[in-house]
Number of protein chains: 2
Amino acid sequence: MTNTATIDRKSAERAARQELILQGALAVFKEKGLEGAKIDEIARVSGFGKATLYYYFTSKEEIFSALLLHGWLSLWHELEEIAVGGDSPRATFISMLKKIAEMVNTDRPLYEFLFQAPQSYTREENERSEWKAYQNRLYKVLMELIEQGIKQGEFPQMEPRLIMKAMGGLFHGLVFLGKDRDTITENEIEEMLGSLLG
Amino acid sequence: MTNTATIDRKSAERAARQELILQGALAVFKEKGLEGAKIDEIARVSGFGKATLYYYFTSKEEIFSALLLHGWLSLWHELEEIAVGGDSPRATFISMLKKIAEMVNTDRPLYEFLFQAPQSYTREENERSEWKAYQNRLYKVLMELIEQGIKQGEFPQMEPRLIMKAMGGLFHGLVFLGKDRDTITENEIEEMLGSLLG
DNA sequence: CGATAATTCGAACCGCGGGTCGAATTATAG
DNA sequence: CTATAATTCGACCCGCGGTTCGAATTATCG
């Protein structure tokens, strides 16, 4: 019978290998884009045989889902503190977006994947993917901040949904648009948001 | 020997059939998204046999390129007048974006395709597609308006590129973001842009 | 009408890429 | 050391979908 310590080590090694595969997948995605990411290449880059990938994951989609979940977990981990910080809606809202920008600057490929993949991948039934919950939670929190902010006169008196679209688009444009991948500074984010919010 | 009138009619019919195929392609794209658009279905929807499509177009990509070119041509046709209208940079800039929004509202599937496809499709060497020229021209004109506007104090004193990203993102967010495909009003566009531009 | 060119189309082709198989290698247990 | 389980992997499988083939149908013209 296998002893407990061995089982722990085994499962740790298993997790570590899954991690390696995810790193490889991210590298390939960064290089070739979501569509151009073939598992043969993910296998090659991560240093495993193709079949081994399927020993650790059941499908290509699971690999991407795991990557997405990782990203959203770490992002949400950072955002949660700010969200419950108790600052005014407007200050909280801006802080959260600044924090996201900061995270993006630390690991651009990961977060590019995080914010690009959903729209290309949300087709079909993988709606109830685990990572999706975090995306929804973030959306909800930001939306509530806007609604609160409007009540308190910190935001323009417009439809919340419209403000959300505007801020989302603005943020996305600043952080992700353009061939030049200059890291955007938090100051620039703040300046733009402040300008739009009056 | 084939007479001239017949040749004209023939080529007109050919163009008309190409048009039908493009309509079908757009319908399928609207329904299934860029990735999910199979030629079998485009053939079915447009009412031709699959092989007939290849009698009128050399490849799937050519179909999409033709669609893109059509869209950009009609869009540019509308924008050109405004661009050379001689109004102030800021007024011209806002008018152009409002006009684009107006066009989007008249034929959402087409313009969604127009603004969505490039990023998913620009991979590879089809850089010098014909439609790309129009996209670049639009970008250039808007960029110049921003630069002029900054000089004349009509825009915030910031890097033009940054303003471009912000405005582009904001516009895109307002017009395309969200599941709800409410047509956005020109007033809302103007209000948001004005707010951001101070 | 008869000959030739234009048009249409379903069947077949074929490369790509996700997923599986079975054998080989390595680790663990007793 | 032996038996068994865990892990690895290249070769193969197979469906999907873009493209092509060849035959059939239809239009054009003298």
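Proteins come first, then strands; the chains are lettered A, B, ... in the order of their sequence lines, and each starts at number 1.
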For B/Glu159, salt bridge (charged side-chain N to carboxylate O under 4.0 Å, His left out) partners two or more places apart: none

Salt bridge (charged side-chain N to carboxylate O under 4.0 Å, His left out) partners for B/Glu19, two or more places apart: none

side-chain hydrogen bond (donor to acceptor under 3.5 Å, both in side chains) partners of A/Tyr134, counting only residues at least two apart: none

Whole Å only: how far is the [atom1] atom of [X] from the [atom2] atom of [N]?
X       : N      : atom1 : atom2 : result
A/Ile39 : C/dC16 : CD1   : P     : 15 Å
A/Arg44 : D/dC9  : CZ    : P     : 14 Å
B/Arg17 : C/dT7  : CZ    : P     : 7 Å
A/Glu62 : C/dG18 : CD    : C1'   : 14 Å
B/Ile63 : D/dG18 : CD1   : P     : 10 Å
A/Asp40 : C/dG19 : CG    : P     : 12 Å
B/Tyr56 : C/dC9  : OH    : P     : 9 Å

Just checking A/Glu191: does its CD atom have more than 12 heavy atoms from other residues, nucleotides or ligands closer to it than 6.0 angstrom?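 No.
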
Are more than 12 heavy atoms, taken from residues, nucleotides or ligands other than A/Glu78, located less than 6.0 Å from that residue's CD atom? yes

What heavy-atom pair brings A/Gln18 and A/Tyr56 nearest, and what distance separates the two atoms?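 Looking at all heavy atoms of both residues, the shortest contact is NE2-O, 3.1 Å.
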
Which nucleotide in the set C/dG19, C/dT7, D/dT19 lies at the smallest distance from any side-chain heavy atom of A/Lys60?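 Among the listed nucleotides, the one closest to the side chain of A/Lys60 is C/dG19.
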
Near DNA chain D, which residues from residues 47-55 of chain A have a heavy atom under 4.0 Å away?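 Close to the strand are A/Phe48, A/Gly49, A/Lys50, A/Ala51, A/Thr52, A/Tyr55.
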
Going by heavy atoms in the side chains, are B/Phe93 and B/Ile82 under 4.5 Å from each other? no

Do the side chain of A/Asn105 and the main chain of A/Ile184 share a donor and acceptor less than 3.5 angstrom apart? yes

Looking at B/Arg14, does any N or O in its side chain come under 4.0 Å of the phosphate oxygens OP1/OP2 on C/dA6?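 For B/Arg14, the contact criterion (side-chain N or O under 4.0 Å from OP1 or OP2 of C/dA6) is not met.
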
Provide a list of protein-nucleic acid N or O atom pairs under 3.5 angstrom, restricted to nucleotides 13-16 of chain D.
none

Taking only residues two or more places apart in sequence, or in another chain, which ones meet A/Pro156 in a side chain to side chain contact (heavy atoms under 4.5 Å, CB included)? A/Met158, A/Ile163, A/Leu197

Using a cut-off of 4.0 Å on non-hydrogen atoms, how would the nucleic acid contact of A/Phe57 be classed: base, sugar-phosphate, or nothing?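 Here A/Phe57 touches no strand at all.
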
